[in-house]
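Here is the structure we will look at.
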Amino acid sequence: MATSKKNIREFGKIFQYLKDPELRKKEIGDALLTIEGAEISGESFQYVDWSHILFKNCDFVGAYQIKIGNSTDVRYEDCRFSGIFGYGKTNRVHFLRCAWTDGSIGYAGEKSTALVFESCRFVGTNPDRNHWGGVGSDGEAEFIGCTAKYFVIEGHAKLTLRQCEFEDMKCTPRSKESGGVFADVLIEGCKLRGDFSMVPADFQSLTIRDSTFGTLDLSKATLKGEILMERVNAEKMNLAVASGKAINLSGVKISGSGQKVFYLAVNRVTSVLLNDCVLPSAPDSEAPWLGGAEQEPAYKSRPPVSQSVMLKNLKASRIDATYLNTARLLVDGGNFQEVDMRNGRIGSLEISNTSIASTLNLGSSVIDSLMLSSVAFSKTLNLSNTQIKEFKQVGGTDISKLGRNLNKEGSNIKLPR
């Protein structure tokens, strides 16, 4: 990065105070130190402590020369960074309208708190992730109104994104980087275009509100608490997490097409709720997947990991919910063409106030209790080789009226006379 600013070595006492915090404290105490219009390069600042400093319109250039010990009450305004920097263990450090050049790296250390990037730019030019830069913290980090492309951002212990616009980014909070802390992550009012990858990641919780995504990938994430999404739009979403306590989606709309448009590994999560969600309906696309897999341990687990799956007012042309293993499945107020629930192991299955225009397929499932309440079948119900201990139908539902469109070959179901 070319710069015409005076080098920091030409700043006399200010330069000495940056190099020797004890000298500064002795001579001026904790008075605010302001550095404006400096190029900070070619000089080593290794494990010194910086506090009560304001950098204005400064250029930081170099690799590894700046590696601060502790940063407290330090503010950067309209500064530029080109190279590799260590901001130390931070407390109340604020970057305002700053920019990082292509491939630059700047991280705060473990147990950092109150680290804020506001109206900053992190813009790369190379789509190859091996050449991306990275900014953030092994502790806490907050990004407000920032723009970025082809960069990695991190807050390994806690991460907040508000009103940011990103494109093709990677964000992977990891407990091994934060001293064993699982991250609380909040994303609000953001536009995250292209691929937003959080693979792999360790979450205490993940909350996303009023945001749009291209592709959101959370596959293989470890979740101690809850994923909560409200009023989120995405082209594609992969929620095939490795494990988790709860996934709650409300007002989520998925609009993409093609393969792997929507994946949710239901069997690996204790509780799942989809409320007023819309899943893709393109006829040439893979059906949204809310199921399990025959060979995965979560499908064979007894008792099941999944204790509750609730699909309320869900709109989708098709859903693939095969190989479910759950104590309870509720489908209420749904509107579907095809629902595939083959090979399920379900304790209580209740479908109510739901319209299925083509096929409900429960073939080869084992169900303790099946309740159908006010369910409209237009064509086919497949119960072949399905074992049901208790069956009830109410609210005008009468599956016997399906006639030949009811397949119960090999099933033990007995219809009321």
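Quick note: numbers below take in every heavy atom, side chains included, and nothing from hydrogens, waters or symmetry partners.
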In this structure, are over 12 heavy atoms from other groups packed under 6.0 Å from Glu409 atom CD?
no
Student check: side-chain heavy atoms of Val152 and Arg129 closer than 4.5 Å
no
Verify whether one side chain among Asn361 and Thr359 offers a donor that lies under 3.5 Å from an acceptor in the other.
no
With the side chain counted from C-beta on, respond yes when Glu226 and Lys245 share a heavy-atom pair under 4.5 Å apart, and no when they do not.
no
For Glu167, does its backbone N or O pair with a side-chain atom of Lys191 as donor and acceptor, under 3.5 Å?
no
Side-chain donor-acceptor contact under 3.5 Å, Asp184 with Ser205
yes
In short, ring-ring contact (aromatic ring centres under 6.0 Å, His included) pairs touching residues 314-356 with sequence neighbours left out are Tyr299-Tyr323
Under 3.5 Å, is there a donor-acceptor pair between the side chain of Asp368 and the main chain of Glu390?
no
Side-chain contact test, heavy atoms from C-beta onward, threshold under 4.5 Å: evaluate it for Val135 versus Tyr87 and give yes or no.
no
Is Arg302 atom CZ crowded by more than 12 heavy atoms from other residues, nucleotides or ligands, each under 6.0 Å away?
yes
Got Met341 and Val331 here, is their nearest side-chain heavy-atom distance under 4.5 Å?
yes
Aromatic plane relationship, Phe95 with Tyr76 - under 30° parallel, 30 to 60° tilted, over 60° perpendicular
parallel
Does any donor atom in the side chain of Ser197 or Asp195 lie under 3.5 Å from an acceptor atom in the other side chain?
no
Any donor and acceptor pair, going by atom type alone, linking the side chain of Ser112 with main-chain N or O of Thr90 inside 3.5 Å?
yes
Strictly distance-based, threshold 3.5 Å: is any side-chain N or O of Gln393 a donor or acceptor partner for the main-chain N or O of Ile399?
yes
Do Leu290 and Val272 come close enough that some side-chain heavy atom pair is under 4.5 Å?
no
Tested for side chain to side chain donor-acceptor pair (under 3.5 Å) against Asn353, the lone hit among Asp332, Asn313, Asn335 is Asp332
